[in-house]
Trainee: 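Got a structure here, written out as structure tokens. Questions coming.
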Amino acid sequence: MLFPTSGVRMNSAMDDMNLIQQTQRHHLVVREIGEEIDLEIGAGEDDPSFGSTTLIGAPMRESSVEEHGESKQMGMISQLPNDAQDMSKTQQGKRKKKVVKRWREEWADTYKWAYVDVKDGTPRIFCSVCREYGRKHRRNPYGNEGSRNMQMSALEEHNNSLLHKEALRLQMASKDKIVVDKPVYVKVAMSKTAGSILEATLKRDPHEVEFIQAVQEAVQALERVIAKNSRYINIMERLLEPERMIVFRVSWVDDRGGTCVNRGFRVQFNQSMGPCRGGIRFHPSMNLSVAKFLGFEQTLKNALSPYKLGGAAGGSDFDPKGKSDNEIMRFCQSFMSEMYRYLGPDKDLPSEEMGVGTREMGYLFGQYRRLAGHFQGSFTGPRIFWSGSSLRPEATGYGLVFFAQLMLADMNKELKGLRCAVSGSGKIAMHVLEKLIAYGALPISVSDSRGYLVDEDGFDYMKISFLRDIKAQQRSLRDYSKTYARSKYYDEAKPWSERCDVAFACTSQNEIDQSDAINLVNSGCRILVEGSNMPCTPEAVQILRKASVLIAPAMAAGAGGVVAGELELNHECSLMHWSPEDFESKLQEAMKQTYQRAMKAATDFGYQKESPEALVHGAVISAFLTIAQAMTDQGSI
């Protein structure tokens, strides 16, 4: 039986009405934006339990002009004859997705809100605003499977949703900022003096998205400091300009005899506290903006630690994945042939970062020793017989857990029995799992670039060993679920929707976006520990603070690596041997000092101890004041 055309229109209107009612029931206030963001959240047809999940509560706001118009439309529908209403109800009961047949390849020129890209070898239709596809956007049970016209229909439904419209509105509102690919700035209430610092950075480095985001977070944390003493404005402006930026070509020969070219970076950000120390990252996303952001964060982290060092960061857009040992060795030797002249015990002490482990650090040090003509052991990687402290690789991961325990102790709680969600599956994440088990916690997840793995029974030492074997053989975490029946691997997803009390973000910058932050709040998370630098987008930070989720900032919680590096130097100078017990005891004491310094700075500037902003702002304030004093003492240099 064919329904009249008017019935189809009524059915579409009923869909819109249901969507508006759902968004009015569930909406979220994003702090300091000034307006509420409506979220399209309805009972998922492919997830029966979704409708019962709790969301962040917020007071209802006054309806906008657009919503008044939609309310009038709903009123007109309610006044239709009973037969027409019955027909629309019948159609809603036998609901079918409207399939729009647009087969032409040039559809993307017409629909500016969408574009085609290849994901895992399959062409997908993406949203231009949210840069996501498929299930992440809509309530369509058909997912991404099926023909192109089904995907287009699903994405068109998303385009018409209030969530997409709000995202588009925020994107258009941010046009007055200088933004490259995606909007990363949140409109925050900022004083004129603090805002002038950010505006100067935007004017000077408009395309360095990651660096500007890091500056924005730091300047916002320092507002009360700047308001109290205006001389800090000039010091902050000087601090934001690195002392030295090195960009160079890295030519190397692959196994086929071809010459490859990559770009190398080293940003020695600030040496007022001492010789630089910072990581070397090998990853395709590495660029000058990332190097500056990492160097800036490392400068603050080193200043906050008990051991005073300058900050630096660098690396290359070289991807070690899929490369042979000989190719990696040749690249590292070529990289160090340019870098060695800027390194040394009293200049710069590089350390490991993403994509750089024991193998890479060994190759780098070997070339450095050959060119520099001396042996400087603290430059090396962990667990190499000729150098390294006894707990060097574990230091950062263990430090994160020690820091979380300190936060819980102030709340008269402990880690024992708490469910912990962990992202990443590298060195830091694995050592976080180890120490969580030692404290009696229940770590339930790890992740990689393709998805995440959850084990409802929690990981133990044997399971962690199995995970390490999987990673060493460059296999997928999916293979774990073939051995343990109570585990499951989720493709193209993150672990933040899993029920947890504490979360550890251990992958890379901006891994937690706005939707992930909402998932974390709804999953019951009360503490987020940043294992990577700047893991949250500005929008995510605002949501977590609004929900009173405590954040352990990376510059404080991730200071374990800095502590280990300094203990390595003391080890070499005094020729002492640090036992694992001695090292762990000193690491715990250093993390305690770091925590206390951050909390003291926060309370000194009027932040309540239980405030979600206290630790984040206190860490930045303490680190900045230490650097500012050193820069003032040394004059205008």
Side-chain angles (χ1 to χ4, degrees), residues 184 197-198 200-202 204-205 207-219 221-222 235-248 263-283 285-305 307-318 335 338-339 341-344 346-356 364 379 396 508-510 530 532-535 553-556 558-559 561-562 565-566 619-620 623-624 626-628 630-631 637:
V184 296
I197 298 174
L198 182 60
T201 306
L202 279 165
R204 184 173 58 242
D205 304 309
H207 303 295
E208 296 178 354
V209 178
E210 295 83 3
F211 178 60
I212 292 172
Q213 181 182 341
V215 171
Q216 180 183 6
E217 292 181 2
V219 170
L222 293 172
I235 295 176
M236 187 63 177
E237 289 173 345
R238 286 162 53 197
L239 175 62
L240 292 178
E241 187 63 29
E243 291 186 8
R244 188 174 293 107
M245 292 183 286
I246 307 152
V247 182
F248 54 96
R263 184 172 291 178
F265 307 91
R266 189 66 177 176
V267 176
Q268 295 173 340
F269 216 94
N270 189 281
Q271 293 178 293
S272 61
M273 299 295 298
C276 291
R277 189 171 187 89
I280 295 179
R281 174 183 291 192
F282 291 166
H283 193 270
S285 65
M286 190 67 187
N287 55 41
L288 185 58
S289 174
V290 173
K292 288 177 67 176
F293 133 67
L294 292 173
F296 179 60
E297 294 282 323
Q298 191 69 44
T299 299
L300 297 175
K301 183 184 297 184
N302 292 351
L304 182 63
S305 72
Y307 309 101
K308 302 302 183 289
L309 294 164
S316 174
D317 56 1
F318 171 77
F335 181 90
E338 176 64 27
M339 274 300 304
R341 56 178 61 89
Y342 303 103
L343 306 179
D346 299 321
K347 296 180 181 178
D348 191 352
L349 307 175
S351 57
E352 299 176 5
E353 236 270 6
M354 184 189 302
V356 177
L364 290 167
F379 176 66
T396 303
S508 62
Q509 70 268 12
N510 291 330
E530 296 183 347
S532 57
N533 290 308
M534 201 171 69
M555 71 178 62
V562 180
E566 187 65 17
V620 177
F624 173 75
T626 303
I627 297 171
M631 293 178 68
I637 57 172

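Sequential numbering from 1 along the given sequence is applied to the chain's residues.
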Trainee: Under a 3.5 Å distance rule, please check whether Glu297 uses its side chain to pair with a backbone N or O of Ala214 as donor and acceptor.
Mentor: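 Looks like no, no N/O pair under 3.5 Å.
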
Trainee: Enter the distance from Leu240:CG to Phe211:CZ here, rounded to the nearest 0.5 Å.
Mentor: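 Leu240 CG to Phe211 CZ: 5.0 Å, rounded to 0.5 Å.
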
Trainee: Between Val620 and Leu222, is there a side-chain heavy-atom distance shorter than 4.5 Å?
Mentor: yes

Trainee: Hey, which of Glu210, Met354, Glu353 is the one that makes side chain to side chain contact (heavy atoms under 4.5 Å, CB included) with Leu294?
Mentor: Glu353

Trainee: Enter the distance from Phe269:CZ to Glu241:CD here, rounded to the nearest 0.5 Å.
Mentor: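 Between atom CZ of Phe269 and atom CD of Glu241 there are 7.5 Å.
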
Trainee: Would you say the rings of Phe248 and Phe335 are close, in the sense that their centroids are separated by under 6.0 Å?
Mentor: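 Between Phe335 and Phe248, the centre distance is under 6.0 Å.
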
Trainee: Can you tell me how far the CE atom of Met339 sits from the CZ atom of Arg266, to the nearest 0.5 Å?
Mentor: 5.5 Å

Trainee: Check side chain to side chain contact (heavy atoms under 4.5 Å, CB included) between Ala554 and all other residues, then give those that pass, not counting sequence neighbours.
Mentor: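 Scan of Ala554 (side chain to side chain contact (heavy atoms under 4.5 Å, CB included), adjacent residues dropped) gives Glu530, Asn533.
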
Trainee: What is the minimum heavy-atom distance between Phe624 and Leu239, and which atoms define it?
Mentor: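 Taking Phe624 first and Leu239 second, the nearest heavy atoms are CD1-CD2, 4.0 Å.
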
Trainee: If we ignore hydrogens and angles and just use 3.5 Å, is the side chain of Gln268 paired with the main-chain N or O of Tyr342 as donor and acceptor?
Mentor: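 Yes, Gln268 side chain to Tyr342 backbone: donor-acceptor pair under 3.5 Å.
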
Trainee: Could I get the full list of salt bridge (charged side-chain N to carboxylate O under 4.0 Å, His left out) partners for Arg341, not counting sequence neighbours?
Mentor: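 Arg341 satisfies salt bridge (charged side-chain N to carboxylate O under 4.0 Å, His left out) with Glu338 once adjacent residues are dropped.
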
Trainee: Considering non-hydrogen atoms only, spot the tightest contact between Thr396 and Gly558 and give its length.
Mentor: CG2-O, 4.3 Å

Trainee: If I take atom CD from residue Glu352 and atom CZ from residue Arg281, how far apart are they, to the nearest 0.5 angstrom?
Mentor: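 Between atom CD of Glu352 and atom CZ of Arg281 there are 13.5 Å.
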
Trainee: If we only count heavy atoms from C-beta on, is the Ile627 to Leu300 side-chain gap below 4.5 Å?
Mentor: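 They are in contact (side-chain heavy atoms under 4.5 Å apart), so the answer is yes.
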
Trainee: Quick one: does Lys292's side chain get under 4.5 Å of Pro242's, heavy atoms only?
Mentor: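 Yes, their side chains come closer than 4.5 Å.
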
Trainee: Checking Asn287 side chain against Val290 main chain: does a donor-acceptor pair fall under 3.5 Å?
Mentor: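 Present.
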
Trainee: Please report the shortest heavy-atom distance between Asp205 and Ile212, naming the atom on each side.
Mentor: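 Taking every non-hydrogen atom into account, O-CD1, 3.0 Å.
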
Trainee: Looking at Asn270 and Cys276, what are the two nearest heavy atoms and their distance?
Mentor: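 Residues Asn270 and Cys276, closest heavy atoms: O-SG, 4.1 Å.
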
Trainee: Between Ala619 and Pro553, what is the shortest heavy-atom contact and its length?
Mentor: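 Of all heavy-atom pairs spanning Ala619 and Pro553, the closest is CB-CG, 4.0 Å.
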
Trainee: Report the relative orientation of the aromatic rings in Phe282 and Phe318; use parallel for angles under 30°, tilted for 30 to 60°, perpendicular for over 60°.
Mentor: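 If you compare the ring of Phe282 with that of Phe318, the planes turn out perpendicular.
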
Trainee: Quick check: does any side chain N or O of Asp317 sit under 3.5 Å from a backbone N or O of Ser285, one acting as donor and the other as acceptor?
Mentor: no

Trainee: With rounding to the nearest 0.5 Å, note down the distance linking OG in Ser316 to NE2 in His283.
Mentor: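 These two atoms lie 12.0 Å from each other.
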
Trainee: Measure from the side-chain N and O atoms of Asn302 to the backbone N and O of Arg277, and report whether any donor-acceptor pair falls under 3.5 Å.
Mentor: yes

Trainee: Going by side chain to side chain donor-acceptor pair (under 3.5 Å), name the residues that satisfy it together with Thr201, two or more places apart in sequence or in a different chain.
Mentor: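 With sequence neighbours excluded, Thr201 shows a side chain to side chain donor-acceptor pair (under 3.5 Å) to no residue whatsoever.
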
Trainee: Starting from the C-alpha separation in whole Å, work towards a yes-or-no answer on side-chain hydrogen bond (donor to acceptor under 3.5 Å, both in side chains) for Gln213 and Asn510.
Mentor: CA-CA 10 Å; Gln213 181 182 341; Asn510 291 330; 2.8 Å; yes

Trainee: Is the closest side-chain heavy-atom distance between Gln271 and Arg244 below 4.5 Å?
Mentor: yes

Trainee: Are any of the side-chain heavy atoms of Leu288 and Val247 separated by less than 4.5 Å?
Mentor: yes

Trainee: Measure the shortest side-chain to side-chain distance between Leu343 and Pro350 over non-hydrogen atoms and say whether it is less than 4.5 angstrom.
Mentor: yes

Trainee: Evaluate the criterion side-chain contact (heavy atoms from CB on, under 4.5 Å) for residue pair Phe296 and Gln298; output intermediate values, then yes/no.
Mentor: CA-CA 5 Å; Phe296 179 60; Gln298 191 69 44; over 6 Å; no

Trainee: Count the heavy atoms belonging to other residues, nucleotides or ligands that lie under 6.0 Å from CZ of Arg238, then report whether that count exceeds 12.
Mentor: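 Atom CZ in Arg238 is packed in, count exceeds 12.
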
Trainee: Ignoring hydrogens, what is the shortest heavy-atom contact between Ala303 and Ala623? Give both atom names and the distance.
Mentor: CB-O, 3.8 Å

Trainee: Does some side-chain heavy atom of Met631 sit less than 4.5 Å from a side-chain heavy atom of Ser272?
Mentor: yes

